[in-house]
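Counting starts at 1 for both ligands and their atoms, in listed order.
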Amino acid sequence: MDATGSNLSYLDPARREPWASFIEQIDRVAPHLGQLSRWIETLKHPKRVLIVDVPIVRDDGTIAHYEGYRVQHNLSRGPGKGGVRFHPAVTLNEVMALSGWMTIKNAALGLPFGGAKGGIRFDPRSVSRPELERITRRYTSEIGIVIGPDKDIPAPDVGTNEQTMAWMMDTYSMNVGGTASGVVTGKPISLGGSLGRREATGRGVYFAAREAGLRIGTPVLGARVVVQGFGNVGGIAARIFSENGAKVIALQDAETTIANEAGIDIPAALAHVAENGSLLGFAGAKRLSEDDFWQLDCAFFVPAALEGQVTPARARAMRAKIVVEGANGPTTPAADDILNERNILVIPDVLANAGGVTVSYFEWVQDFSSFFWSEDEINERLERIMTNAFEATWQLAQERKVTIRTAAFIVACQRVLASREQRGLYP
Ligand code: NAD
């Protein structure tokens, strides 16, 4: 890999992170797949990788180039689906791993999608709003050859939001000469977005935590909760935990770590972030060291920032009963084993953060029919899909005596590989 993090050597024996984690997770599930395991290599090779150059004229007249990606990991069960990340640490390797986890998540939930992901390596806070719009539009135009309502449907992820999706929808629509609202999800409501989408991932994290807690005698009511990452996922999850009687005792974002044993006032913290961009300077809690944060005694620990955060050292230090993965890939496979040995229950990303893509699915369906559902209908359907998927995965984990992650991967891989087998190989 060169200094910019860009290359195609994903089959390198060194198997760099986080794609290496994804491959290891696939290797672990292979022995559970019976005769379908002969198709397992399908999941170790992304179907399609697109690298695009995104040049723009900056506000000062200079030309800047950014590198963007769209990876379609697997399309056996339907069009690609997965977010777009704007972050300075985005690499092809990372986007590939994220696309693989989308394949697993969509299949584990029974959604009729394959897995995809996209991203551009840059810091969206380092450019002006007009520059951000130009980057987004040029990127959309460049990946326009592989996306579309029946091909691959992007959505928000780290560093992107409803406005990004509005620009992407408009750019794609201009290029095809129509209004293609179904080309992205997570749009503003006025452009065919779905009620409840913005909160869906955090709400789903809460449902997953509640279901896990119910099964091991750890109710949310009165529970101590720690959340890493206070953006779309972590911020909403913290809010819904506290609305349901839990005490959120510590938070961490990219700028700071804070704690309050009496429970942090989450609406006040959210208002502080809306005004100041981060938790830094929030008066309702004390600063906490990074090490202390990972050792807090709590019922639920929600990593909701980036991948690779729960390392083996942190897994050995953690004093949580249940880890609910709001982020994608927050726990390395070695750390996962340590948590398992220490009897800390892990609810994996592919189940715990699936609320976002589930409501994205609802949004896509609503756009096709141009008929929109009420927020209550959406939240009820989300709760039903999440709790059913949780129960099925939990049962399988008990029957096979495997972790919840392995059980979710078994369900998902069986569905993907059975579709692959039924479709057959072309030509
Ligand atoms: P976001 O940009 O809204 O928020 C990210 C948060 O993490 C911010 O508070 C940021 O300050 C914090 N953060 C970044 N780096 C950090 C670090 N090193 N240490 C501590 N905190 C750090 O992003 P988001 O949409 O909330 O996504 C967070 C995670 O959830 C990602 O892994 C993403 O892939 C995953 N996810 C998001 C969605 C969604 O619908 N947005 C759905 C499923 C999964």
Side-chain angles (χ1 to χ4, degrees), residues 18 21 81-90 94-95 97-102 104-106 108-109 111 115-119 123-125 154-165 184-187 193-194 196-205 208 226-239 250-258 266 269-270 272-274 276-280 282 288 290 293-294 301-311 314 324-331 348-363 382 386:
S21 285
K81 187 90 195 75
V84 174
R85 179 173 293 194
F86 290 173
H87 191 276
V90 165
E94 177 184 60
V95 178
L98 291 165
S99 71
W101 285 317
M102 288 309 300
I104 301 298
K105 190 183 306 180
N106 291 331
L109 270 285
L111 307 178
K117 201 85 180 191
D123 184 352
R125 291 167 308 180
D157 190 71
V158 176
T160 56
N161 56 25
E162 288 181 359
Q163 180 60 70
T164 324
M165 294 305 116
V184 290
T185 57
K187 297 178 294 293
S194 179
R197 172 62 185 88
R198 192 186 303 150
E199 298 181 314
T201 310
R203 189 177 296 281
V205 166
V226 174
V227 182
Q228 187 206 26
F230 199 61
N232 176 276
V233 180
I236 303 287
R239 200 194 80 202
L251 296 170
Q252 183 180 68
D253 69 6
E255 314 290 333
T256 189
T257 307
I258 59 170
I266 299 299
L270 288 168
H272 181 89
V273 171
N276 303 286
S278 92
L279 287 165
L280 205 63
F282 176 59
L288 188 73
E290 174 109 346
F293 177 76
W294 289 96
F301 191 110
V302 183
L306 295 173
E307 55 272 6
Q309 293 295 304
V310 184
T311 58
R314 288 172 175 171
V324 190
E325 294 185 335
N328 284 307
T331 310
D349 47 8
V350 292
L351 195 55
N353 72 29
V357 70
T358 301
V359 177
S360 273
Y361 166 52
F362 299 162
E363 180 173 334
L382 170 64
M386 294 272 314

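With a 4.5 Å cut-off on side-chain heavy atoms, Lys105 and Asn353 count as touching.
In this structure a side-chain-to-backbone donor-acceptor pair under 3.5 Å is missing from Asp157 to Thr160.
Aromatic ring pairs are classed by plane angle as parallel below 30°, tilted from 30° to 60° and perpendicular above 60°; the pair Phe293 and Phe301 is perpendicular.
Taking 4.0 Å as the cut-off between side-chain N and carboxylate O, Glu307 and Lys117 do not count as a salt-bridged pair.
Protein residues with a heavy atom closer than 4.0 Å to ligand 1 are Arg85, Asp157, Val158, Gly159, Arg197, Thr201, Gln228, Gly229, Phe230, Gly231, Asn232, Val233, Gln252, Asp253, Ala254, Ala304, Ala305, Leu306, Gly326, Ala327, Asn328, Asn353, listed by chain and number.
Scored by the ring-ring contact (aromatic ring centres under 6.0 Å, His included) test, His87 finds no partners at all (sequence neighbours excluded).
Shown here for Pro156 and Thr185, the closest heavy-atom pair between the two residues is CD-O, 3.3 Å.
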